[in-house]
Amino acid sequence: MLKEYMTIADIAGPLVLVEKTENVAYEELVEIELSSGEIRRGRVLETWEDKAMVQLFEGTTGMMREETKVRFLGRVIELPVSSDMLGRIFDGFGEPIDKGPKIIPEDRVDINGNPINPYARSYPSEFIQTGVSTIDGMNTLVRGQKLPVFSGSGLPHARLAAQIARQAKVRGTGENFAVVFAAMGITFEEADYFISDFRKTGAIERAVLFINLANDPAIERIATPRMALTTAEYLAFEKDMHVLVILTDMTNYCEALREVSAARKEVPGRRGYPGYLYTDLSLLYERAGRIHGKKGSITQIPILSMPEDDKTHPIPDLTGYITEGQIIMGREIHNKGIYPPVDVLPSLSRLKEKGIGPDRTREDHGDVLNQLFAAYARGNEAKELAVVLGEAALSEDDKQFLKFADEFESRFVQQGENEDRSIEETLDLGWDLMSILPRSELKRVSDENVEKYLPKKDEDAAS
């Protein structure tokens with residue numbers, strides 16, 4: 001029989017202070033019974049002496065201090081996990097919301113996970129094809145990597161997230177591949193878009209969706225990515241699957257952290273976010289990876305919208321320190337009507353060299369990547385020069401690079417929302433674009449690859 005306490009001393013926002021407690025532990029689950037008989041849930045945030053700070057999941061509206069009973073359950077938040085979760089849709093607390101049956105669990109797992117021993121980690125190396133040229137060709141994603149997408153308000157990061165979830169695959173292995181998709185603080189329309197897209201394309205058959213709406217409690221928003229990552233760990237390390245985890249939008253998650261921190265009257269850090277924001281984010285991001293002796297892997301694509309497109313904002317800034325690169329969506333490219341508006345030059349995948357080359361993508365991938373990047377950078381410089389001096393002041397070579405930059409954006413960056421390009425199609429398109437430039441300017445590709453892959457347009461025309 002659980003001991004009941006009726007010693008609530010204070011209620012502030014989603015927090016309840018309970019006094020005269022015994023043997024209460026951090027993160028312990030709590031049951032709150034209101035005078036009406038309604039049961040609400042919470043967890044212990046802090047304990048000291050005989051006091052416990054409890055965070056309620058459903059909020060404290062209607063609670064009366066003198067008439068409310070508190071029971072500490074002696075266990076942490078656990079998620080019932082099973083292979084049957086594939087193809088299902090859950091709320092932020094792991095309850096089914098797709099009108100399907102309850103999950104019969106094969107196990108119950110602490111949602112906070114267990115830290116991976118660094119010595120047990122295996123280095124990320126195998127290529128994951130997303131079907132998006134700017135990622136596969138220029139900022140390659142590899143298994144076990146965490147590669148965030150930095151977006152901005154009004155940019156189509158939701159569409160890109162759905163496209164990656166639909167198209168991502170491990171090539172030529174025949175191994176099980178799954179997507180765990182967690183949406184935090186999104187509107188009903190966005191949730192409907194994701195669910196409809198997954199169902200319409202059939203991608204839901206290999207996916208698990210966790211949906212937390214904007215009007216759901218902030219506490220649920222904090223639990224949602226942990227539920228998703230716990231599911232991913234089970235599928236990867238118990239069921240030997242390769243799992244891609246997409247978390248959107250991490251900014252909404254961090255706002256929920258700030259809200260709870262303010263309710264606790266903690267000393268704020270940068271821009272009002274809690275001082276432990278870096279630690280909290282790292283506990284989520286570092287749950288990606290591969291483990292020696294395990295067939296499965298977890299790859300993460302966190303998506304966050306930068307407030308005012310500011311890369312120095314605490315959320316993208318700290319995320320960049322923890323993760324292995326970033327895909328940046330550019331407003332200027334978006335304003336040109338280009339989808340997906342990925343700004344290639346500031347984007348970076350720090351592990352791309354590990355996932356490209358012979359037996360992974362193709363032997364010319366490194367050459368194509370380096371040459372396209374250099375040529376596009378010079379083309380952008382020529383654009384800036386043309387704005388100041390006029391196009392007539394440009395050299396013939398600069399005009400070629402200017403043409404290349406425009407073609408690169410309209411043909412390589414631009415692609416259809418349902419266009420799933422193989423890595424071979426992406427690389428061939430890169431060589432086709434390089435044929436715009438004089439052969440003398442292709443300084444970052446080997447002669448062997450030029451002979452093998454560069455289209456011989458002049459010879460074809462002459463014949």
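Everything numeric here is computed off the predicted structure, so don't read it as measured data.
- In this structure, CG in L229 is found 5.5 Å from CG in L247, a value given to the nearest 0.5 Å.
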From CA spacing to verdict: salt bridge (Lys or Arg N to Asp or Glu O under 4.0 Å), R226, D280: CA-CA 11 Å; R226 290 173 170 80; D280 194 280; 3.3 Å; yes

Residue pair K239, Y234: steps toward the side chain to side chain contact (heavy atoms under 4.5 Å, CB included) verdict: CA-CA 7 Å; K239 298 299 179 181; Y234 176 76; 3.1 Å; yes

Criterion salt bridge (Lys or Arg N to Asp or Glu O under 4.0 Å) on D317 and R271, from CA distance to verdict: CA-CA 12 Å; D317 188 33; R271 302 207 192 182; over 6 Å; no

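- For R88 (side chain) and V208 (main-chain N/O), no donor-acceptor pair under 3.5 Å exists by modelled atom type.
- The residue from K169, R290, R360 that alone fulfils the salt bridge (charged side-chain N to carboxylate O under 4.0 Å, His left out) condition with E126 is R290.
- Rounded to the nearest 0.5 angstrom, M63 CE and E38 CD are separated by 10.0 Å.
- One side chain, S82 or E106, offers a donor N or O that lies under 3.5 Å from an acceptor on the other.
- The closest side-chain heavy-atom distance from P156 to M329 is below 4.5 Å.
- In this structure, D216 contributes its side chain and L213 its backbone to a donor-acceptor pair below 3.5 Å.
- The pair R108-E78 fails the salt-bridge criterion, with no side-chain N (NZ, NE, NH1 or NH2) lying under 4.0 Å from an Asp/Glu carboxylate O.
- Within the 3.5 Å criterion, the main-chain N or O of A183 finds no donor-acceptor partner in the side chain of N212.
- For CD of E95, the number of neighbouring non-hydrogen atoms (other residues, nucleotides, ligands) closer than 6.0 Å is greater than 12.
- Residues I128 and Q145 fail the side-chain proximity criterion, which asks for heavy atoms closer than 4.5 Å.
- Annotation: the span from I195 atom CD1 to I211 atom CD1 amounts to 5.0 Å, rounded to 0.5 Å.
- Contact check for V30 versus Y5: no side-chain heavy atoms found under the 4.5 Å cut-off.
- A 6.0 Å sphere centred on CD1 of I104 holds no more than 12 heavy atoms belonging to other residues, nucleotides or ligands.
- Heavy-atom minimum distance, G94 versus F210: CA-CE2, 4.1 Å.
- Judged by the 6.0 Å and 45° rule, R258 forms a cation-pi pair with Y273.
- Look at E286 and K146 and you find a salt bridge, because one of the NZ, NE, NH1 or NH2 atoms lies within 4.0 Å of a carboxylate O, short of that distance.
- There is a side-chain donor-acceptor pair under 3.5 Å between Y376 and E409.
- Between the T21 side chain and the D50 main chain, a donor and an acceptor come within less than 3.5 Å of each other.
- Looking at T426 and R421, their side chains never bring a donor and an acceptor atom within 3.5 Å of each other.
- Heavy-atom neighbours of N335 CG from other residues, nucleotides or ligands within 6.0 Å: above the threshold of 12.
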Candidate pair Y276 and S261, rule side chain to side chain contact (heavy atoms under 4.5 Å, CB included), full reasoning: CA-CA 10 Å; Y276 50 80; S261 175; 4.0 Å; yes

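- Minimum heavy-atom separation, L73 to E28: N-OE2, 3.6 Å.
- Taking a 6.0 Å sphere around NZ of K311, one finds it holds 12 or fewer heavy atoms contributed by other residues, nucleotides or ligands.
- Expressed to the nearest 0.5 Å, how far OG1 of T47 lies from CZ of F72 amounts to 9.5 Å.
- The environment of CD in E332 is sparse: at most 12 heavy-atom neighbours from other residues, nucleotides or ligands sit within 6.0 Å.
- No donor-acceptor pair closer than 3.5 Å links the side chain of E259 to the backbone N or O of A218.
- Between the side chains of R287 and T230, at least one donor N or O lies within less than 3.5 Å of an accepting N or O.
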Derivation of the side chain to side chain contact (heavy atoms under 4.5 Å, CB included) call for T299 and L141: CA-CA 9 Å; T299 306; L141 177 69; 3.7 Å; yes

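- By the 4.5 Å heavy-atom criterion applied to side chains, F198 and I89 are not counted as neighbours.
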Verdict with supporting geometry, Q167 and T130, side chain to side chain contact (heavy atoms under 4.5 Å, CB included): CA-CA 6 Å; Q167 297 178 176; T130 66; 5.8 Å; no

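- Panel note: side chain Q326, backbone P346; a donor-acceptor pair is recorded below 3.5 Å.
- Salt bridge absent: R199 and D98 never bring a charged side-chain N and a carboxylate O closer than 4.0 Å.
- A salt bridge links R71 with E33: at least one charged nitrogen is closer than 4.0 Å to a carboxylate oxygen.
- The nearest pair of heavy atoms linking P96 to P101 is CG-O, 4.2 Å.
- With respect to the salt-bridge test (charged N to carboxylate O, under 4.0 angstrom), the residues E31 and K69 do not qualify.
- Under a cut-off of 6.0 angstrom, the local environment of CG in N117 is crowded, with over 12 non-hydrogen atoms contributed by other residues, nucleotides or ligands.
- With H365 contributing its side chain and G137 its backbone, the two residues share a donor-acceptor pair below 3.5 Å.
- Between L29 and I77 the shortest side-chain heavy-atom distance falls below 4.5 Å.
- Side chains of R143 and F177 form no contact here, defined as non-hydrogen atoms less than 4.5 Å apart.
- Y285 and T319 share a side-chain donor-acceptor pair at under 3.5 Å.
- Atom CE of M6 and atom CD1 of I8 lie 8.5 Å apart (nearest 0.5 Å).
- Annotation: side chain of H292 is not in contact with side chain of Y119 (no heavy-atom distance under 4.5 Å).
- Counting only distance, with no hydrogens or angles, the side chain of S347 and the backbone of I328 share a donor-acceptor pair below 3.5 Å.
- Taking all atoms of both residues into account, the shortest heavy-atom contact from F237 to I298 is CE1-CD1, 3.8 Å.
- Residue L277 comes nearest to C254 through the heavy atom pair CD1-SG, 3.8 Å, listed as atom of the first residue, atom of the second, then distance.
- No side-chain donor-acceptor contact under 3.5 Å links R159 to the backbone of P340.
- Closest of all the heavy-atom pairs between N252 and G185 is ND2-O, 3.2 Å.
- Contact check for L235 versus V180: side-chain heavy atoms found under the 4.5 Å cut-off.
- Using modelled atom types, no side-chain atom of E324 and backbone atom of L147 make a donor-acceptor pair closer than 3.5 Å.
- Salt-bridge check for E417 with R166: failed, with every basic side-chain N at 4.0 Å or more from each acidic carboxylate O.
- Taking CZ of R362 as the start and CG of L427 as the end, the distance is 5.0 Å to the nearest 0.5 Å.
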